[in-house]
Amino acid sequence: MNKVRIAVLGLGRLGYIHAKKLASNNDVQLICVVDALEERAEKVARELNAAKWSIDPSDVFDDPDIDAVIIATPTGTHAELIKSAARSGKHIFVEKPVTRTLEEADEVIRVIQEYRVYCMVGFMRRFDPAFADAKKRIESGEIGKPLLFKGITRDNPIGKYSISAPVEFIKHSGGIFLDLAIHDYDMARFLIGSEVTSVAAKGGVLLHPFIEEYQDADQASTYLQFASGAAGDIESSRNSPYGFDLRCEIIGTEGAIQIGAFRNHDLTILTSKGNQDIIPIFPDRLLDFYALEMAHFIKCLKNNERPSCTEIDGKAALEIAISATESFRTGREVKLKS
Ligand SMILES: NC(=O)c1ccc[n+]([C@@H]2O[C@H](COP(=O)([O-])OP(=O)(O)OC[C@H]3O[C@@H](n4cnc5c(N)ncnc54)[C@H](O)[C@@H]3O)[C@@H](O)[C@H]2O)c1
């Protein structure tokens, strides 16, 4: 494949980041941008020099000049768009979570395999050099047998650094386990190198009372049990007053790996006054991760190779997230089926 001819579906927070990066990639021709909002599609097409724009994704599926689609529309639309893309022979990059339900995930896996297209799911942390290096070091045995994955993701999308209306954001997010903790579930599977067998989750509403109406939480903890005997301990928060905070630690029998802002003999005061070297919102921390994952997707398509983070990984993390939501709502530990 010479240049990969791409269409981007959904031009909100993530779709715009991906479209902008792809527009400046020499291996890519950004053919079409699509958004349900006409004004948005037209504006982004003009800004990024995309040859076409549309408000209807089926224009892309009918277009023989497009090799692959980037799906960055709201999660509830993923399943139908993935199936249509696969049936029209387009390769797929889809934002997390792959779908809303396990039934949808099984159906898209079936269609992707039937139509023999590649699908990559946007777990961008895997492509960050620090996480990728941690994976290599764990595989080479540097910290012995992995015993514990500890993950922290603290965000503030409905408070000080809110991007969209809080109620609208929570209503369409799928909940804290599907929307936020899922990145740590994927990272835990990736770094521990084993599948999760059971999940116990707790959560609460500490700061935003309106969230209760959606049976959701703004602060949660998930405990994971892996087939290898290892465990995972994940904190997920929407209440960070100081910015976006992403940290992770893997403890093994011979040592530990820490990723993030851990310091030795250091006291860190974190406040909302904004006078520290703190990352304010998530794209500031993650822009490089997004660029690296997209570079991997394009490289795979050019070389006719399967991406390293597929629909199967998408379903595995989704199953953990759905089990965590069930555990949070019922107060019981949930055993995974697959
Ligand atoms: N990887 C990450 O770090 C990360 C971060 C945020 C969001 N996401 C994921 O990205 C996806 C999009 O989230 P977002 O925050 O960018 O949403 P958003 O609401 O900012 O943008 C979604 C865009 O899609 C458009 N749209 C809606 N339905 C459409 C359709 N059928 N066809 C074409 N366009 C349509 C909307 O008009 C909007 O512009 C979600 O699945 C979300 O979980 C991933």
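Indexing begins at 1, ligand by ligand and atom by atom, following the structure's order. Fair warning: this is a prediction, and the values are worked out from it, not measured in the lab. Along the sequence shown, residues are numbered consecutively beginning with 1.
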> Do ligand 1 and A72 have nitrogen or oxygen atoms that lie under 3.5 Å from each other?
Replying inline: no
>> Assess, by modelled atom type and distance only, whether the side chains of Y185 and T222 contain a donor and an acceptor separated by less than 3.5 Å.
In response: yes
> For H91 and F297, what are the C-alpha separation, side-chain angles and deciding distance, and is it a ring pair (Phe, Tyr, Trp, His ring centres under 6.0 Å)?
Replying inline: CA-CA 10 Å; H91 300 297; F297 181 60; 7.7 Å; no
> Do any heavy atoms of L37 fall under 4.0 Å from ligand 1?
Replying inline: yes
>> Does the structure place the NZ or CZ of K21 under 6.0 Å from the centre of the six-membered ring of Y290, at an angle of no more than 45° from the ring's axis?
In response: no
> What are the atoms of ligand 1, with element, lying closer than 4.0 Å to any heavy atom of P74?
Replying inline: 22 (C), 24 (O), 26 (N), 27 (C), 28 (N)
> Considering only heavy atoms of H78, which atoms of ligand 1 have at least one such atom less than 4.0 Å away?
Replying inline: 41 (O)
>> Using modelled atom types and a 3.5 Å cut-off, is there a donor and acceptor pairing between side-chain atoms of S327 and backbone atoms of S323?
In response: no
> Measuring from the heavy atoms of H172, does anything fall under 4.0 Å of ligand 1?
Replying inline: no
>> List ligand 1 atoms under 4.0 Å from G10, heavy atoms only on the residue side.
In response: 24 (O), 34 (N)
> To which of L14, D179, V98 does the heavy atom nearest atom 5 (C) of ligand 1 belong?
Replying inline: L14
> Quick one: does T77 get an N or O within less than 3.5 Å of an N or O on ligand 1?
Replying inline: no
> What part of E95 sits under 4.0 Å from ligand 1 if we count only heavy atoms: the side chain, the backbone, both or neither?
Replying inline: side chain
> Which bit of F123 gets closer than 4.0 Å to ligand 1, counting heavy atoms only: side chain, backbone, both or neither?
Replying inline: neither
> What do we get for P57 next to ligand 1 when only non-hydrogen atoms under 4.0 Å count, side chain, backbone, both or neither?
Replying inline: side chain
> Does the side chain of L224 come within less than 4.5 Å of I320's, by heavy atoms?
Replying inline: yes
> Below 4.5 Å, heavy atoms only, C-beta onward: do T153 and S236 meet side chain to side chain?
Replying inline: no
>> Give the atom numbers and elements of ligand 1 that come within less than 4.0 Å of a heavy atom of M124.
In response: 1 (N), 3 (O)
> Can the positive tip of R40 be found less than 6.0 Å from the middle of the six-membered ring of Y16, inside 45° of the ring normal?
Replying inline: yes
> Against heavy atoms of P97, which atoms of ligand 1 measure under 4.0 Å?
Replying inline: 43 (O)
> Between CZ of R87 and OH of Y115, what distance do you get to the nearest 0.5 Å?
Replying inline: 5.5 Å
>> Given T73, D35, V121, identify the one with the heavy atom nearest to atom 11 (C) of ligand 1.
In response: T73
> Does F289 reach ligand 1, in the sense of a heavy atom lying below 4.0 Å from it?
Replying inline: no
> For E311, which of K83, K96, R110, R306 qualifies under salt bridge (Lys or Arg N to Asp or Glu O under 4.0 Å)?
Replying inline: R306
> Would you say the side chains of S54 and D59 form a donor-acceptor pair under 3.5 Å?
Replying inline: yes
